[in-house]
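Count residues from 1 along the sequence. Ligands are counted one by one from 1 in listed order, and the atoms in each one are counted from 1 as well.
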Amino acid sequence: MAGTIEGHGGDLALAALRAYGITEMFTLSGGHVFPIYDAAHKADFPIYDVRHEQSAVFAAEAVAKLQRRPGLAVLTAGPGVTNGISGLTSAFFNASPVLVMGGRAPAFRWGSGSLQEIDHVPLVAPVTKYAATVGSTDAIPAEIGRALTAALTAHRGPAFLDLPLEVLFSSEDAEAPAGPDVPVIEADPDEVARAAALLATAARPVIIAGSDVWGGGAIDELRAAAEALQVPVFTNGMGRGALPPGHPLSFAKARRPALGDADVVAVIGTPLDFRLNFGEFDPAQVVHIVDAPSQRAGHVRAAVSPAGDLRRILAALADHTGERTDHAEWINGLRAAEDAGKARDAEAMAAESDPIKPARVYGELRKVLAPDAVTIGDGGDFVSYAGRYLEPARPGTWLDPGPYGCLGTGMGYAMGARVTYPDRQICVLMGDGAAGFSLMDVESLVRQDLPVVIVVGNNGIWGLEKHPMRAMYGYDVAADLQPGLRYDDVVRALGGAGETVEKSADLGPALGRAFDAGVPYLVNVLTDPADAYPRSSNLA
Ligand SMILES: Cc1ncc(C[n+]2csc(CCOP(=O)(O)OP(=O)(O)O)c2C)c(N)n1
Ligand SMILES: [Mg+2]
């Protein structure tokens, strides 16, 4: 503990939040949380406000994902908190250390029917690592410490606290928390050694690295392990860009032959979920390396599953000294498949079609994106194409919604990314359907001088639902949107700028204008509604 602090509940909260490295809040106003604003205002602590609470939580999540430290959303009691639940759930699936602080109707008259009176804790408990009501003003700093320690301890995730009105508005002295003291989980060294030996002696090993490798600060160790054991690396989620695209062990396109022919597949820092065929890599043996025992897959019999600090586990893999098999031939074969896949992609990305194919949008975007640009995907098919055609050059630059698959992250993630990186390109790739969830928050971006580029793949449909429904039933319902809608005019009305593009030759100049604009700028690209992303499964 670092001495005594005094003030109202908001002052006590702010002191604790700062001790944990939090440097801004995302919020939408409500009287229940005024003391937190008062503390921030007096301390010149940045307050970013939004037009829907989901954007506040998504913005906090973007900060947490990009900076690997807690992100904060402050939501008013009742509907403020319930509007934030999809954001909390996304953070739970993504292991993002988000803290949501909610207002709460007064405790002293609980049950009498106060405005916005509801017990939030049971609503959010299943999607948080820690959820509690703060019982007294002097307990605020210690409760924030507990919540943030839970959020930061692997397997990371969101935490929730609500503060009854009188707890937040009263003044007290309290002990200031010293800041994070996050326990480190040590994996079983025998299991780590077995994992290393399996990879080293396999004939055709593959690594798939995901978000927890980034979140656990283990990117360098991943690279060292892959290089030491000479294993090709594929990535997903925040793991994308872990190895730079030109690295001899970095692969993306050769996934099918790699997983089809591998004899050992090591999945590191990501669950064996639908994105990885539920971990079914028969006949390959599966090594599942996770950051906490809770993350071991219950539905897959792994050959070995070390659980603990990923940085230490991967450093130990890199130091493996036992017997090894030469993987050069395996790597060369995959490189040929990778190059062939890249050539196919390059052709698609250059397509001179009318109407525009989504692939071409990414072909043009790749020419203007800087290596440190942050790209954000919010949509259906249009974002599946982004995942396929954009190659993040650096880790921690690609934000997708993660396995919860929640549409509507776009403007919130953009706000968190812009606040994190005032000088980088921030580019949101949105389906026209997805745009409906958060486009009003362009107003928040304009008003708070947070320019970003939004590229809408406007096919006039909920494409990822319309095409599968037609394939299953021969017809579709509830899958159409207005064709050619001027989403750029919406942004212009909100104080930003933009334009509509109908010809592929006009894409490049439009994107150039967008990145130079200095205000939120929407490039509304009319894309081919007949184009469907090729999928092995038709269910989204
Ligand atoms: C909050 C939420 N509602 C509904 C869905 C189901 N869903 C997944 S993709 C999709 C279609 C997205 O359409 P659009 O953003 O226009 O992208 P497109 O597929 O047309 O490129 C829908 C409705 C979801 N994932 N999340
Ligand atoms: Mg669409």
Phe382 heavy atoms within 4.0 Å reach ligand 1 at atoms 21 (O)
Any protein N, O or S atom under 2.8 Å from the Mg ion (ligand 2)? Found Asp432 OD1, Asn459 OD1, Ile461 O
Filtering Gln54, Met430, Glu465 for the heavy atom nearest atom 6 (C) of ligand 1 leaves Glu465
Rounded to the nearest 0.5 Å, how far does CD of Glu61 lie from OG of Ser55?
12.5 Å
Does ligand 1 have any atom that is closer than 4.0 Å to a heavy atom of Gly405?
yes
Heteroatom distance test (Trp462, ligand 1): nitrogen or oxygen, under 3.5 angstrom
no
In ligand 1, the atoms that come under 4.0 Å of a heavy atom of Asp381 are 18 (P), 19 (O), 21 (O)
Taking both backbone and side-chain atoms of Leu464, is any N or O found less than 3.5 Å from an N or O belonging to ligand 1?
yes
Would Asn459 count as being in polar contact with ligand 1, using the rule that some N or O on each side must be under 3.5 angstrom apart?
yes
Val368 to Gln425 - nearest heavy-atom pair and separation:
O-NE2, 3.0 Å
Of all the atoms in ligand 1, which lie at a distance below 4.0 Å from a heavy atom belonging to Gly433?
14 (P), 15 (O), 16 (O)
Using a strict cut-off of 4.0 Å, indicate which atoms of ligand 1 neighbour a heavy atom of Gly379.
15 (O)
About how many Å separate CZ of Phe234 and CG of Leu334, when rounded to the nearest 0.5 Å?
6.0 Å
Under 3.5 Å: N/O of Cys406 near N/O of ligand 1:
no
